[in-house]
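A short write-up of the structure that comes next.
Every number for a ligand or one of its atoms is a count from 1 in the order of the listing. Fair warning: this is a prediction, and the values are worked out from it, not measured in the lab.
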Amino acid sequence: MRTKPILSIETALVLKPIGVFDSGVGGISVLKHIQALLPDEALLYVADSLYAPYGNKTPEEIQARCFAVADFLIAQGVKALVVACNTATAAAIDAMRARYSLPIIGMEPAVKPAAEATKNGIIGVLATVGTLKSAQFAALLESYGRNVEVVTQACLGLVECIERGELTAQTTQDLIRQYCAPLLAKGADTIVLGCTHYPFVRDLITEVVGQDVVLIDTGAAVASQLKKRLIEVDCLASSPASGQVEFWTNSQADNAKHVIENLWGRPAPIALF
Ligand code: DGL
C-alpha cells in the first residue's frame, strides 16, 4: 500500500526560507521591511562582515563573495535570494542570475523616486564608491536623472562605523557632516540613501540636513518586489509558515552578536558561517 506524502512538493517549496544577504549588517534595514510585509516567511540573513566593506572592492572580488554567500544560502535550501546591498547588486546581480535559477531580487539607489519627489530639481545620492562608479548607476542616471541635477557623494568609512555598531559616535557624526555638506551646498532637497547601511544613521543625517530635506531608501520597494516575484512563481508562504528569522555572520568582532541584535531590535539566533 502506498502512503501519501505528508507535504506535497509545492507546499514544501512554499515553506522554504528566503535568503537575504549584504556585505555586513546593513541589509538588516531591508530585512525589517521584508519581515513587516511578509511575516509568515522564514528568513535567513547572512552578514558577510569579514569582507566588508564591498564598496572599495573590484567587481570581480564582490562577485566572488556573492557566489560564496549565495552557495551557502542555497545549501540551506532557500527558495529565493535578496541581495540587500546596492554595491553587490551593481557588481554581481547579472552574474548571479546567469549562475543560479532561483528568483534573485536586487536593489539600486532610489534615483527614480527621488527625481519624482524633488521640488527644486536637485537630488543628492549618498552611496559607496563601487555603486557610484558602476555601469548600472550610470544607466540609472541616464534613465531617471536627466531632468534633475544629481549630486553624488561617496561615503568612505561610514559603513565601517555602522559595522562596529557606532551609530551615534563622534566619528560617525563627523563623517555624516562631511558627506552631507556638498549636497547641502548644492541645495539638494531630496537625498537618496544609496547604501543599505545608511538607514541606520537616518536620524543623524536628518539632524545634519534638517527636517525639510526628504530622505529616500529602497527597503520597502525591495520587499514589495520580493512579494511580487514570490507570487509570480507561486512560492509565497501563507500562515501557518514559520516566520522564523535566523542570522549568520563571519564577523570576528567580539560585539558582532550585540551589533546584529541591536540593529534587528530584539534577540535572534545568530551563528557563525
Ligand atoms: N550595504 C551595502 C550597499 O548597500 C554596501 C556597503 C559596503 O560594503 O561597502 O551598498
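- A salt bridge links Asp71 with Arg99: at least one charged nitrogen is closer than 4.0 Å to a carboxylate oxygen.
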Could you pull out all donor-acceptor pairs under 3.5 Å where a side-chain atom in residues 263-273 meets a protein atom, sequence neighbours excluded?
from: Arg266; atom 1: NH2; to: Gln35; atom 2: OE1; distance (Å): 2.8

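- No donor-acceptor contact under 3.5 angstrom links the side chains of Gln178 and Asp174, judged on distance only.
- Taking a cutoff of 4.0 Å between a charged side-chain nitrogen and a carboxylate oxygen, Glu41 and Lys79 qualify as a salt bridge.
- The pair Glu160-Arg164 fails the salt-bridge criterion, with no side-chain N (NZ, NE, NH1 or NH2) lying under 4.0 Å from an Asp/Glu carboxylate O.
- Between Asp48 and the choices Val25, Val69, Asp22, Ile62, the side chain to side chain contact (heavy atoms under 4.5 Å, CB included) rule is met once, by Val69.
- Annotation: ligand 1 has protein neighbours Asp22, Ser23, Pro53, Tyr54, Gly55, Cys85, Asn86, Thr87, Thr128, Val159, Cys195, Thr196, His197, each with a heavy atom less than 4.0 angstrom from the ligand.
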